[in-house]
Amino acid sequence: MLVLLLVCFVAAAQAASFIVGVGIADATGPACDVNFMGYANPSQIGAGIHFRQRARAFIIAQESDPKRKRLVYVSVDFGMGSQAVTREVLVQLGNRFPDYEYSLANVYISGTHTHSAPGGYDQYAIDQLASGGFNMETLQAYSNAIVSAISKAHHSAKKKSRVYFGLGKAEPHTNINRSPTAYLNNPAEERAMYPEGDTEQYFPLLRFETEKHQPMGMFNWFAVHATSMPNTNLLISGDNKGYASQVFEQWMNPNGTLPGHGAFVAGFASSNLGDVSPNVNGTFCKYSGKPCNAVHSTCAGLTEFCLGRGPSKDPFESTKIIGERQARAAREAFTSKMKQVEGSGEVITKHRLVDFSNVTIEPEVTVRLSRLAGGERSLFEQQERRTTCKSALGYSFAAGTTDGPGVFDFYQGETRGNRFWETIRDFIKVPSNETRMCHYPKPVLLPTGEIDFPYAWEPSVMSIGFALLGKSVAMLTVPAEFSTMAGRRLKRLVKDRLVSKQLLQEDGIVILSCLTNAYAHYVVTFEEYQAQRYEGASTLYGPHTLAAYIQEFFKLIDTNEGTTNRAEDDARVPNLIPKAISVLAKPNVDKLPKRVKEFGSVLLDAKPKYKISSSASIVAVEFYSANLRHDLRLEDSYLTVERKLGGSKWQVVYTDSSFETRMMYTRNKLSRVSIVRVEWRLEGAMPGTYRITHTASALKQAGKPFVQFTGRSREFEVEK
Ligand code: ZN
């Protein structure tokens, strides 16, 4: 790798330098008892770890005014940004760094959109309904990790650092559009501007180096859902994005660095992935194996049998393949001749709080959108009323997607409604005529913007952020999942605006960071909205939601209104946490079977010998354990695989963050006995003598402190 880095870079004439720092922290939430966020599957309750969640941060500050002018970006292996997390992070940063600007205007926290991580950390009812209630343990784990990653970036920031930018090209079959029929609704002229097709194949990438060309970090924004793991997976996982980061960091950090512990940080952040799946083989019917109905994604009329597939039958393998494809494509761009950010080294950041339930689209934006459609008087222009609406979810929202279908008789592309569900829905809230008409042609299933019991179901006031590095890199942050074309439209129109105002050079790049600082489901184009696929049904504020974003970004760029005022922000974004309803009980006292004396005792031991070559070479050890929520073991591990070095010396070669290991947790509800099973897949292992350990904490008596324990397997041989 270092050899490749010796390909040196000729600094451009007006290359700018910045103060740059990177940081990484362990963001792993409770590894049992908590519902995963993303698929809204009530039975997807976490029960172990495949590999740990991380928060990865960078800070870029202007050398002439570093305390005020700084961009802080964090990509977190969790479902999505959340107003509750962002608020908590800003409070903690304010306490730690009172002299520095850390506010909504410059702190952007984005989710990688893994669907295999604990939920319950947002403040709105719909997100809590989807993840079994509010959960303070998750909120704290995420907030603390983000603050820790930012603090590391803050303290390690180096003067005269270099920022390079460029576009990477994806490897073939890294993503696929999961609503291609909706994409085809976009004007042909506009689609023709993107010969690469109905998903993004190019992605922006930033490379950070010290003054002496020492690589510090890399962040990129490639559009794909982190849903290689299915809605039946119970192990915490960063999915394909988290794995891509680990692979890249392993390449760049010294040999033997354990995952999450190196100085070089590689972030694979989320972008316009709304209609983009990693299940690249397409969608097939579970039993017949035939392709699903394309318009509705159904098999024999049902969504639950239509599933995205590939690249492997095994989801762990798919995670690996899609992760490695992203990592290799990023390396290709990272090691190529990238441009250095030019200009005076200025860092501009600002944000705007927008009430998305109440935006009127002005004629200028309408005209610009129509021009993209080839100048024809589009369907969009023919609309008499161009405003956003109070939030509402359509029928196809409940159908889910082919990455994780819903289970009831909903299907995608539903524009009519269904009497049975209307009756049930009307117990909750009958949508007003205003909301029905505003969202047309979406049949409203849940008028979330009209329900405030027990508190707000969806946000309406949310922040959009804008950052500019010199005249080379612009970043737009949005709280939603934009579809491929919605993202392209926004980026194209904003770039035109910036270039015409001479704020960005023609060769500059626009980064779109999705799922940032809050969560407002999806944003599709007006034309895609008409198809009412899952993404259109989940476009919360009606058919003109995208136009509202474009308009508000124009305002943010054109005026100085967007600059920060923390007190005002705090007053406008509601804090619902004091009212939040939590249903998860505190962990109970842990028990052992009568015949077992100690926590950590081995229930199933390793065999004396294993062969690496055999196809089923998995070492499995089971321990008597305790509720994992007592101690999250952050920056550490619940398990180690140790290799004997000689004498009594052992070296840790794998942890619970290694792709090669899996930790499964079970607890008997009646006896309260917990079992942890550790599996180690031997593929790629070195021959030698090994042992496996498990460490956790037990609550032996109510009201007493937890007691840490460690169990150990026998020593065993691993041979070629
Ligand atoms: Zn999504």
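Both ligands and their constituent atoms are indexed starting at 1 by order of listing. Start at 1 with the first residue, then count along the sequence.
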Undergrad: For the residue pair Arg662 and Phe316, would you count it as a cation-pi contact if the rule is NZ or CZ under 6.0 angstrom from the ring centre and within 45 degrees of the ring axis?
TA: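 Judged by the rule (NZ or CZ under 6.0 Å from the ring centre, within 45° of its axis), Arg662 counts as positioned above Phe316.
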
Undergrad: Taking the side chain as every heavy atom from C-beta outward, state whether Phe36 and Thr114 have any atom pair closer than 4.5 Å.
TA: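 Counting from C-beta outward, Phe36 and Thr114 never come under 4.5 Å.
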
Undergrad: Return yes when at least one N/O/S atom of Tyr522 is nearer than 2.8 Å to the Zn ion (ligand 1), and no when none is.
TA: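 An N, O or S atom of Tyr522 is closer than 2.8 Å to the Zn ion (ligand 1), so yes.
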
Undergrad: Counting backbone and side-chain atoms alike, is an N, O or S atom of Glu481 positioned under 2.8 Å from the Zn ion (ligand 1)?
TA: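 Looking at Glu481, which is the residue asked about, there is an N, O or S atom under 2.8 Å from the Zn ion (ligand 1).
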
Undergrad: Taking the side chain as every heavy atom from C-beta outward, state whether Pro259 and Phe51 have any pair of such atoms under 4.5 Å apart.
TA: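 When only atoms from C-beta onward are counted, Phe51 and Pro259 do not touch, as no gap falls below 4.5 Å.
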
Undergrad: Could you tell me whether any N, O or S atom belonging to His225 is less than 2.8 Å from the Zn ion (ligand 1)?
TA: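 Here the distance criterion (N, O or S atom, under 2.8 Å) is met by His225, so yes.
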
Undergrad: Check each of Asp77, Val74, Val76 against Arg56 using the side chain to side chain contact (heavy atoms under 4.5 Å, CB included) test, and report the only one that passes.
TA: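 Exactly one pass, corresponding to Asp77.
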
